[in-house]
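Following: one structure in structure tokens, then a few remarks.
Letters go in sequence order (proteins before strands), and every chain restarts at 1.
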Protein chains: 2
Amino acid sequence: MSSRSQAIADILTRAIIDHRLVPGCKLGERELAEIFDVSRIVVRQSLIRLADDGLAQIERNRGAFVARPSMQEALEIYDALTLVEQGVAAQLSDRLGPAGWAELRQHVERQRQAVASGNDALADVLGQEFHTVFVRLSRNKVMQEIHAQLVRRTTLLRSLITADFDYCNLLDDHARVIDLLEKGRLKQAMELIDMHHRSVVRGYIMDRQVFPELTPREALEPYLDGKSGEPPKPAPRKKAGENGAARAHAHVHASK
Amino acid sequence: MSSRSQAIADILTRAIIDHRLVPGCKLGERELAEIFDVSRIVVRQSLIRLADDGLAQIERNRGAFVARPSMQEALEIYDALTLVEQGVAAQLSDRLGPAGWAELRQHVERQRQAVASGNDALADVLGQEFHTVFVRLSRNKVMQEIHAQLVRRTTLLRSLITADFDYCNLLDDHARVIDLLEKGRLKQAMELIDMHHRSVVRGYIMDRQVFPELTPREALEPYLDGKSGEPPKPAPRKKAGENGAARAHAHVHASK
DNA sequence: TGTCATTGATTGATATCCAATCCTGTGGTT
DNA sequence: AACCACAGGATTGGATATCAATCAATGACA
């Protein structure tokens, strides 16, 4: 087993990408130490890990907060993500075997079924995972870790935005990228990856203030101790425009 | 001022990329705590930072060591570096203005002068820095940090290899990349970047055992306290085949 | 009302202590 | 002599208590 501080850093990371801890939320050492029943020192080590990962910012003598990236930084993160995925696409278009293409198609198919059956939460997770699977096929652990970090940061960014996304359209993008790559149309695939991310970023409005709806203790309670309690559940956010079952899929990439 | 653990992590990083702390070297908490005159906890926090950066590995209940990447990992690091720089090249070929091209050329020119005047150490540093300047021109801090981390890891790798490199040839590569990019021959430039890194990696022989010639105390002494002592000096390694003034430039990329 | 000082809270860091684990060296056994 | 088991030392991971420095908020006072 790894160190305790790593375990706690993992839980905090999870809570952040689940949007249970929102940007700006104070991560007090004493409070976290009580919640996890460890000493402040272990908590501090966890926070250092989170800060190195870009998910938290530590201000001297003020404490740690969930990172609140600027719009500029958001653009840079998506730029970097695009760059990485385009590069991986170029590698895969050369080197990926039939089994790899099959895995990608299978993943898209699973997401398509999730969408069809109305399981939006699962579809969302699978949509995220697609990019991870994509990079994993490059068989480069270093690249995987870099990419995973960028993905975590984009997930964090989603706490700051208000737009709904069109999962169907993003899903189609995934399928089309696979098609283009397998046919060797690398340039078009890379263009599509760029568009894919741009369509996401274009929906961003980041001036919004985010109010923590949950105290850290409430936010972290589901992750504690494993055995007891319910399994960790995804985000409990209320989005603007949400109206229960019939959700309007805003096509954020619409206008040229 | 940032935290003490960050400062110590920076010094350790410096010592590692200067090849004063070599892969496998034990980084004992008690020893470092004495050297830096801080508590063990601060040292531990520094080591966590180093481990997150890929420069150290922490083995539970065994302690921290300067990372000793496998050949596989070395290849992955150079692959990732290639991918990143190719991506940046693609961006720059579109977006870079005249001032940017001038800065790149000027940098190459400075390195050329260093080579001409026989200042191999400076030439080496400038050669490294070229890649950093290159990425900085992308104006993407996130990408810069990722790249900088990869560069640090490649520098660490150089502690593990025996080959001498042909700085002249690598220098020519830099100049040619600039030329190709400015003329819009992106594909050729990317090919050259790939070759550039492959030519480095091809000289790798990593089975070699590295014996720490310096104890951590000796290795870190130049960095302590700033005011006193000589300025931090580069690597004191003895390379195989070294024979004083007349050094043979082995063209490691020779055979196709 | 506006400014300044005090107070409280939190972080950064230290020292000391303890448990768990790993390494090693010793001793017994075959 | 070779090999295995075990005990002791050393080191790490972590807890607790404590102290100084700094920030924020409050309240006193002009």
Side-chain angles (χ1 to χ4, degrees), chain A residues 1-12 21 23-53 55-68 209 211-212 215-217 219-220 223-226, chain B residues 1-12 21 23-53 55-68 209 211-212 215-217 219-220 223-226:
Chain A
M1 184 75 58
S2 177
S3 62
R4 196 86 77 105
S5 67
Q6 181 63 63
I8 291 177
D10 288 344
I11 291 179
L12 290 173
L21 291 172
C25 177
K26 175 78 185 286
L27 299 172
E29 290 184 4
R30 206 173 299 274
E31 185 175 8
L32 294 179
E34 273 183 28
I35 292 174
F36 291 109
D37 192 32
V38 294
S39 71
R40 271 175 56 209
I41 291 171
V42 176
V43 170
R44 194 127 96 233
Q45 289 165 355
S46 306
L47 293 175
I48 287 175
R49 289 191 147 99
L50 255 69
D52 279 352
D53 220 39
L55 294 183
Q57 329 182 168
I58 298 176
E59 300 177 27
R60 184 171 173 92
N61 286 318
R62 297 241 9 257
F65 305 82
V66 177
R68 195 163 40 189
Q209 281 286 346
F211 301 103
T215 68
R217 188 180 296 274
L220 294 169
Y223 305 97
L224 296 179
D225 190 34
Chain B
M1 180 78 59
S2 177
S3 61
R4 195 96 69 115
S5 68
Q6 182 63 61
I8 291 177
D10 288 344
I11 291 178
L12 289 173
L21 291 171
C25 177
K26 175 78 186 284
L27 300 172
E29 290 184 5
R30 209 170 297 273
E31 186 176 8
L32 294 179
E34 273 184 29
I35 292 173
F36 292 109
D37 193 32
V38 294
S39 71
R40 273 174 54 209
I41 289 172
V42 175
V43 170
R44 197 130 91 232
Q45 289 164 355
S46 306
L47 293 175
I48 286 174
R49 289 190 146 98
L50 255 69
D52 278 353
D53 221 38
L55 294 183
Q57 353 190 141
I58 299 176
E59 301 177 24
R60 182 169 174 91
N61 286 317
R62 296 233 18 251
F65 305 82
V66 178
R68 195 164 41 187
Q209 281 286 346
F211 300 103
T215 68
R217 188 179 297 273
L220 294 168
Y223 304 98
L224 296 180
D225 190 36

Revision key, fill the gap. Output for pair (L47(A) CG, R49(A) CZ), nearest 0.5 Å, gives 11.0 Å

Study note, to complete from the structure: Ranking G63(A) and I41(A) by the position along DNA chain C of their nearest nucleotide, the one closer to 5' is G63(A)

Exercise for review: Write down the distance between CZ (R4(A)) and C1' (dA20(C)), rounded to a whole number of angstrom.
Suggested key: 12 Å

Study note, to complete from the structure: From NZ of K26(A) across to C1' of dA24(D) the rounded distance in Å is 11 Å

Review point. dG12(C) phosphate, OP1 or OP2: any side-chain N/O from R44(A) under 4.0 angstrom?
Key: yes

**Study point:** Whole-Å gap separating P (dG8(C)) and CG (N61(A))
**Key:** 19 Å

Check your understanding: Is there a donor-acceptor contact under 3.5 Å from the side chain of E29(A) to the main chain of G63(A)?
Key -> no

Check your understanding: Closer to the 5' end of DNA chain D via nearest nucleotide, is it R40(A) or D37(A)?
Key -> D37(A)

Study note, to complete from the structure: Between CZ of F65(A) and P of dT10(C) the distance, given in whole Å, is 12 Å

Check your understanding: What is the distance from atom CG of L27(B) to atom CG of L55(B), rounded to the nearest 0.5 Å?
Key -> 10.5 Å

**Study point:** OG on S46(A) to CD1 on I48(B), rounded to 0.5 Å
**Key:** 8.0 Å

**Study point:** Proximity to the side chain of V42(A) - top-ranked nucleotide from dA15(D), dG13(D), dA13(C)
**Key:** dA15(D)

**Study point:** Rounded distance in Å - CG (L32(B)) to P (dT12(D))
**Key:** 9 Å

Review point. Considering only side-chain heavy atoms of I58(A), which listed nucleotide, dG12(C), dG14(D), dT14(C), is closest?
Key: dG12(C)

Check your understanding: What's the CD-C1' distance between E59(B) and dA20(C), to the nearest Å?
Key -> 17 Å

Point to revise | Nearest-angstrom distance from the residue atom CZ of R30(B) to P of dG14(D) | key: 16 Å

Check your understanding: Taking atom P of dT14(C) as reference, at what distance in whole Å does atom CD of E29(B) sit?
Key -> 13 Å

Point to revise | Gap between atom CD1 of I8(A) and atom CG of L50(A) - 0.5 Å precision | key: 11.0 Å

Exercise for review: Would you classify L47(A) as touching base, sugar-phosphate or nothing, given that sugar-phosphate means primed atoms plus P, OP1 and OP2, and contacts are heavy atoms under 4.0 Å?
Suggested key: nothing

Review point. Is the shortest side-chain N/O distance from R62(A) to OP1 or OP2 of dA24(D) below 4.0 Å?
Key: yes

